[in-house]
Amino acid sequence: MRRMAGTFSGASMLLFVGLGNPGAKHAGNRHNVGFMVVDAIAKRHGFAPWRRRFQGVATEGSIGREKVLLLLPGTYMNESGRAVAEAMHFYKMPLSDIAVFHDEIELPPAKMRVKVGGGIAGHNGLRSISAHVGNDYKRVRLGVGHPGVKEMVHPHVLGDFAKAERPWVEALCDIIADNAEMLAQGKDASFQNKVHLAMSAKGFGETKDSEDN
């Protein structure tokens with residue numbers, strides 16, 4: 001039985017969705033950090049090989065005592081909601097049992113925040129999901145930084161992480177995967193804090209975090 005019933009509903013299957021664009025040319029994009037994190041979760045927790053399902057690739061497994069479906073939509077970012085809706089309806093999931101991992105330009109690089117609902121901040125993947133299933137799902141916001149001017153946002157997120165950024169990207173993927181059980185249990189604040197402290201211990205981000213977005 002899930003220990004934080006107010007956050008996840010206690011249904012038999014949770015859904016963790018990574019957002020990104022399919023294909024080798026997008027694999028290293030900042031926009032694909034959601035794919036990267038969810039793939040790291042699959043590896044860390046010994047999930048079965050990915051297979052084609054729900055207009056993308058998916059795998060079922062366990063994170064601690066929780067049954068979880070991991071999903072990487074193959075629809076391209078702006079149609080992500082189609083894949084999410086198909087998986088959600090297949091398992092008859094409530095929105096409260098869905099967590100979406102996505103890039104967030106309003107957070108500094110290497111930062112992570114968890115929130116439920118809220119705005120989409122121009123993110124086409126979130127826009128599509130909210131249009132198909134509603135807005136009150138959990139978002140795991142993965143900071144990739146803002147290029148500084150609006151006109152550069154598109155090339156920024158569709159550009160690859162720079163070589164100098166890769167150490168924090170790999171650390172963030174690994175640390176989130178290591179602590180994913182807390183997220184699956186609905187312990188969002190503890191999960192967020194644990195990830196922040198572990199990233200800070202590795203020298204990524206300030207030790208004191210004044211950000212509360």
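- R127 CZ to S80 OG: the interatomic distance, rounded to the nearest 0.5 Å, is 12.0 Å.
- Rounding to the nearest 0.5 angstrom, the gap separating the CZ atom in F90 from the CG atom in L69 is 9.5 Å.
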- Query: What do the steps show when you test L95 against V133 for side-chain contact (heavy atoms from CB on, under 4.5 Å), and what is the final call?
  - Reply: CA-CA 8 Å; L95 274 178; V133 304; 3.6 Å; yes
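- N135 and S130 share a donor-acceptor pair across their side chains, judged by distance under 3.5 Å alone.
- Looking at P73 and V17, their side chains come closer than 4.5 Å, going by heavy atoms from C-beta outward.
- With S128 contributing its side chain and N124 its backbone, the two residues share no donor-acceptor pair below 3.5 Å.
- Note that NE2 of H102 and CG of L126 are 4.5 Å apart. Values are rounded to the nearest 0.5 Å.
- With no hydrogens or angles considered, a side-chain donor-acceptor pair links H26 and N29 at under 3.5 Å.
- Cation-pi contact between R139 and F101: absent, since separation from the ring centre below 6.0 Å together with deviation from the ring axis within 45° is not met.
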Inset, instruction - Given side-chain contact (heavy atoms from CB on, under 4.5 Å), test E66 with S62 step by step and report yes or no. - result: CA-CA 5 Å; E66 307 299 334; S62 296; over 6 Å; no
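- Side chains of L14 and M93 form no contact here, defined as non-hydrogen atoms less than 4.5 Å apart.
- Remark: the E60 side chain and the Y91 side chain contain an N/O donor-acceptor pair separated by less than 3.5 Å.
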(message) side-chain contact (heavy atoms from CB on, under 4.5 Å), that's the test. Do L72 and W50 meet it? Break it down for me.
(response) CA-CA 9 Å; L72 305 179; W50 296 96; 3.7 Å; yes
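- With contacts defined as side-chain heavy-atom distances shorter than 4.5 Å, the pair V100/I98 qualifies.
- Put simply, the residue from H146, R141, K111 that forms a side chain to side chain contact (heavy atoms under 4.5 Å, CB included) with E104 is R141.
- A ring-centre distance under 6.0 Å is not found for H154 and H31.
- A177 and A40 make their closest contact through CB-O, 3.6 Å (heavy atoms, listed as atom of the first residue, atom of the second, distance).
- Shortest non-hydrogen contact noted between F47 and V68 is CE2-O, 3.3 Å.
- With a 4.5 Å cut-off on side-chain heavy atoms, M199 and L172 count as touching.
- How far CD1 of I129 is from CE of M77: 8.5 Å, rounded to the nearest 0.5 Å.
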Quiz prompt | side-chain contact (heavy atoms from CB on, under 4.5 Å) between F54 and R82, worked out | solution = CA-CA 8 Å; F54 307 124; R82 287 169 30 207; over 6 Å; no
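- The minimum heavy-atom distance linking A110 with F204 is given by the pair CB-CB, 4.2 Å.
- With H89 contributing its side chain and A85 its backbone, the two residues share a donor-acceptor pair below 3.5 Å.
- Between the CZ atom of F16 and the CD1 atom of I41 there is a distance of 6.0 Å, given to the nearest 0.5 Å.
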When you look at Y137 and S96, which way does the side chain to side chain donor-acceptor pair (under 3.5 Å) test go after all the steps?
CA-CA 5 Å; Y137 50 89; S96 56; over 6 Å; no
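- Under the 3.5 Å distance criterion, the side-chain polar atoms of H45 are left unmatched by any main-chain donor or acceptor of G61.
- Smallest separation of non-hydrogen atoms from G145 and P109: CA-CD, 3.6 Å.
- A distance of 11.0 Å separates CZ of F161 from CD of E170, quoted to the nearest 0.5 Å.
- Side-chain contact between L71 and V57 is absent, with no heavy atoms from C-beta onward closer than 4.5 Å.
- Within the 4.5 Å cutoff, no side-chain heavy atoms of R44 are placed close to those of I63.
- Counting only distance, with no hydrogens or angles, the side chain of H156 and the backbone of I105 share no donor-acceptor pair below 3.5 Å.
- Pairing each heavy atom of M182 with each of S190, the nearest pair is SD-CB, 3.8 Å.
- Contact annotation: the side chain of L19 never approaches that of D103 to less than 4.5 Å [non-hydrogen atoms, C-beta and beyond].
- Residues V33 and Y76 do not share a hydrophobic cluster, clusters being chains of Ile/Leu/Val/Met/Phe/Trp/Tyr side chains in contact below 4.5 Å.
- Within the 4.5 Å cutoff, no side-chain heavy atoms of L142 are placed close to those of L107.
- With D188 as reference, K138 is the one residue of K138, R113, K115 to meet the side chain to side chain contact (heavy atoms under 4.5 Å, CB included) rule.
- With hydrogens and angles ignored, the 3.5 Å screen pairs no side-chain donor or acceptor of N32 with any backbone N or O of G28.
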task = Report the C-alpha distance between R53 and E86 in whole Å, list the side-chain angles of each, state the deciding distance to 0.1 Å, and finish with yes or no for salt bridge (Lys or Arg N to Asp or Glu O under 4.0 Å).
result = CA-CA 9 Å; R53 291 182 78 192; E86 189 172 312; over 6 Å; no
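- Of the charged side-chain nitrogens involved, none lies within less than 4.0 Å of a carboxylate oxygen, so that R65 and E181 do not count as a salt-bridged pair.
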